[in-house]
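Have a look at the structure below, then the notes.
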Amino acid sequence: MSRQRHDIDDLLTLMAVLRDPEQGCPWDVKQDWDSIVPHTLEEAYEVADAIERRAFDELPGELGDLLFQVIYYSQFGAEQERFDFHDVVHVLTAKMLQRHPHVFPDGTLASRRQGVSAAEVQTRQVKSRWEALKAEERDAREARSVLDDVPLNLPALSRAAKLSKRAARVGFDWPDSRGVIDKLREELDEVAEALEEGDHEHVREEVGDLLFATVNLARTLDADPERCLRATNAKFERRFRHVESALAEEGVPLAEAGLARMERHWDVAKQQETTPMSSSKGESRS
């Protein structure tokens with residue numbers, strides 16, 4: 001007997017039943033717009049994590065969890081007679097058709113060009129058109145600033161990158177990455193000055209400026225700051241776990257090992273790694 005293959009209508013029905021006040025799940029029934037947002041952010045990061053780990057066998061499940069968040073919001077919208085899942089699909093499809101006139105000349109799926117390879121489309125023109133269309137959409141919503149509609153709930157690094165990218169798009173930017181590096185040095189000096197003053201609030205402000213400048217450096221180098229930091233987090237975790245393991249083999253409690261002993265094991269972990277990030281001879285503990 002073949003296993004039944006579920007479709008999107010089954011998923012929509014399942015959500016409607018879960019949210020039914022009488023026969024649904026008590027946890028699902030009590031959820032609302034705000035309570036689901038943290039789960040949405042978490043699921044998005046789990047998708048990113050699975051991709052970065054190349055855990056493609058886990059990806060269908062993680063993508064399903066992320067899709068379930070869309071189903072949740074669509075159910076809330078349907079219950080309040082605001083919109084439903086089909087409205088979400090319609091708005092998304094219409095928007096993508098509008099943003100890809102090089103693929104759909106008359107703005108319909110029927111106009112899809114046959115036999116046109118991606119290499120035949122000039123990447124720069126496509127990107128320029130995309131940004132222009134997004135700007136038109138913002139104008140249509142009566143946006144008053146180029147910084148409008150950058151979501152407040154984005155992770156701080158991602159939001160900083162988007163804010164600076166928006167500003168750079170209208171000319172508020174350094175001419176090249178060297179200018180950002182100079183700005184980093186300036187911000188680091190200001191952190192040191194604030195520390196000398198002993199003003200903790202000022203120190204926090206200057207550290208924020210330093211982080212923002214670092215995000216700008218990543219942007220000018222076409223590097224995603226979130227991805228860079230996740231990679232460094234993973235690298236730190238690998239190396240510190242090696243330190244813990246090595247100390248355990250020596251029978252030395254972590255809290256009693258001392259910095260010098262821990263750094264010796266840290267250096268061993270660095271030498272054992274073969275990734276490009278660890279190839280620098282003069283790399284410090286980071």
For this session: Test Leu11 against His6 for side-chain contact (heavy atoms from CB on, under 4.5 Å), laying out the working first.
Result: CA-CA 8 Å; Leu11 187 56; His6 298 295; over 6 Å; no
Exercise. Do you reckon Val91 sits in the same ILVMFWY cluster as Leu97, going by side-chain contacts under 4.5 Å, direct or chained?
Worked result: no
Exercise. Within a reach of under 6.0 Å around CD of Gln80, are more than 12 heavy atoms found that belong to other residues, nucleotides or ligands?
Worked result: yes
Problem set entry | Atom CD of Glu196: over 12 foreign heavy atoms under 6.0 Å | no
Exercise. Transitively linked via ILVMFWY side-chain contacts under 4.5 Å: Ile181 with Leu210?
Worked result: yes
Exercise. For Gly24, does its backbone N or O pair with a side-chain atom of Asp28 as donor and acceptor, under 3.5 Å?
Worked result: no
For this session: Would you confirm whether Arg19, through its side chain, and Leu14, through its main-chain N or O, come within 3.5 Å as a donor-acceptor pair?
Result: no
For this session: List the steps and the verdict of side-chain contact (heavy atoms from CB on, under 4.5 Å) for Val207 and Glu187.
Result: CA-CA 8 Å; Val207 168; Glu187 297 296 353; over 6 Å; no
For this session: Consider only side-chain N and O atoms of Arg230 and Asn233, and report whether a donor and an acceptor are under 3.5 Å apart.
Result: no
For this session: Let me see the working for Thr214 and Leu184 under side-chain contact (heavy atoms from CB on, under 4.5 Å), right down to the final yes or no.
Result: CA-CA 7 Å; Thr214 303; Leu184 273 168; 3.2 Å; yes
Seminar exercise, completed: Between Ala50 and Leu59 the two heavy atoms that sit nearest each other are CB-CD1, 4.0 Å
For this session: On the 0 to 90° scale, with breaks at 30° and 60°, tag the Tyr72-Trp27 ring pair as parallel, tilted or perpendicular.
Result: perpendicular
Exercise. Would a distance-only check, ignoring hydrogens and angles, find a side-chain to backbone donor-acceptor pair under 3.5 Å from Thr93 to Val89?
Worked result: yes
Problem set entry | Backbone of Val70 reached by a side-chain donor or acceptor of Ser74 within 3.5 Å | yes
Exercise. Are Leu247 and Phe236 linked, directly or through other ILVMFWY residues, by side chains that come within less than 4.5 angstrom of each other?
Worked result: yes
Exercise. Distance only, no hydrogens: is a donor on one side chain within 3.5 Å (strictly under) of an acceptor on the other, for Asp10 and Thr13?
Worked result: no
For this session: For a side chain to side chain donor-acceptor pair (under 3.5 Å) with Arg204, tell me which candidate from Glu206, His202, Glu201 qualifies.
Result: Glu201
Exercise. According to a 4.5 Å side-chain heavy-atom criterion applied to Ile, Leu, Val, Met, Phe, Trp and Tyr, with indirect links allowed, do Leu66 and Tyr73 form part of one hydrophobic cluster?
Worked result: no
Exercise. Is the count of non-hydrogen atoms from other residues, nucleotides or ligands lying under 6.0 Å from Arg241 atom CZ greater than 12?
Worked result: no
Exercise. What's the verdict on salt bridge (charged side-chain N to carboxylate O under 4.0 Å, His left out) for Asp173 and Arg219, showing C-alpha distance, side-chain angles and the deciding distance?
Worked result: CA-CA 11 Å; Asp173 197 11; Arg219 176 182 56 78; 2.9 Å; yes
For this session: Give the intermediate values and the outcome of salt bridge (charged side-chain N to carboxylate O under 4.0 Å, His left out) for residues Lys235 and Glu273.
Result: CA-CA 9 Å; Lys235 179 176 66 175; Glu273 292 192 357; over 6 Å; no
Exercise. Is the backbone N or O of Ile36 less than 3.5 Å from a side-chain atom of Thr40, with the two atoms forming a donor-acceptor pair by type?
Worked result: yes
For this session: Assess whether side-chain contact (heavy atoms from CB on, under 4.5 Å) is satisfied between Asp9 and Phe85, documenting all intermediate values.
Result: CA-CA 10 Å; Asp9 289 329; Phe85 179 76; over 6 Å; no
For this session: Kindly indicate, with the supporting measurements, whether the criterion salt bridge (charged side-chain N to carboxylate O under 4.0 Å, His left out) is fulfilled by Asp189 and Arg185.
Result: CA-CA 6 Å; Asp189 288 342; Arg185 294 193 179 103; over 6 Å; no
Problem set entry | Atom CZ of Phe56 with >12 non-hydrogen neighbours under 6.0 angstrom | yes
Problem set entry | Aromatic ring proximity His100/His102, centre distance under 6.0 Å | yes
Problem set entry | Pair Arg178 + Asp182: basic N to acidic O under 4.0 Å | no
For this session: Say whether Phe68 and Leu41 are linked into one hydrophobic cluster, either directly or through other cluster members, by side-chain heavy-atom distances under 4.5 angstrom.
Result: yes
Exercise. So, the side chain of Asp49 versus the backbone of Tyr45: is there a donor-acceptor pair under 3.5 Å, distance only?
Worked result: no
Problem set entry | side chain to side chain donor-acceptor pair (under 3.5 Å) evaluation trace for His265 with Glu250 | CA-CA 11 Å; His265 291 304; Glu250 295 175 355; 3.0 Å; yes
For this session: Check whether any side-chain N or O of Asp87 sits under 3.5 Å from a backbone N or O of Asp84 as a donor-acceptor pair, and report yes or no.
Result: yes
Exercise. Can His39 and Gln69 be counted as having a side-chain donor-acceptor contact under 3.5 angstrom?
Worked result: no
Exercise. More than 12 non-hydrogen atoms from neighbouring residues, nucleotides or ligands closer than 6.0 Å to CG on Asp7, yes or no?
Worked result: yes
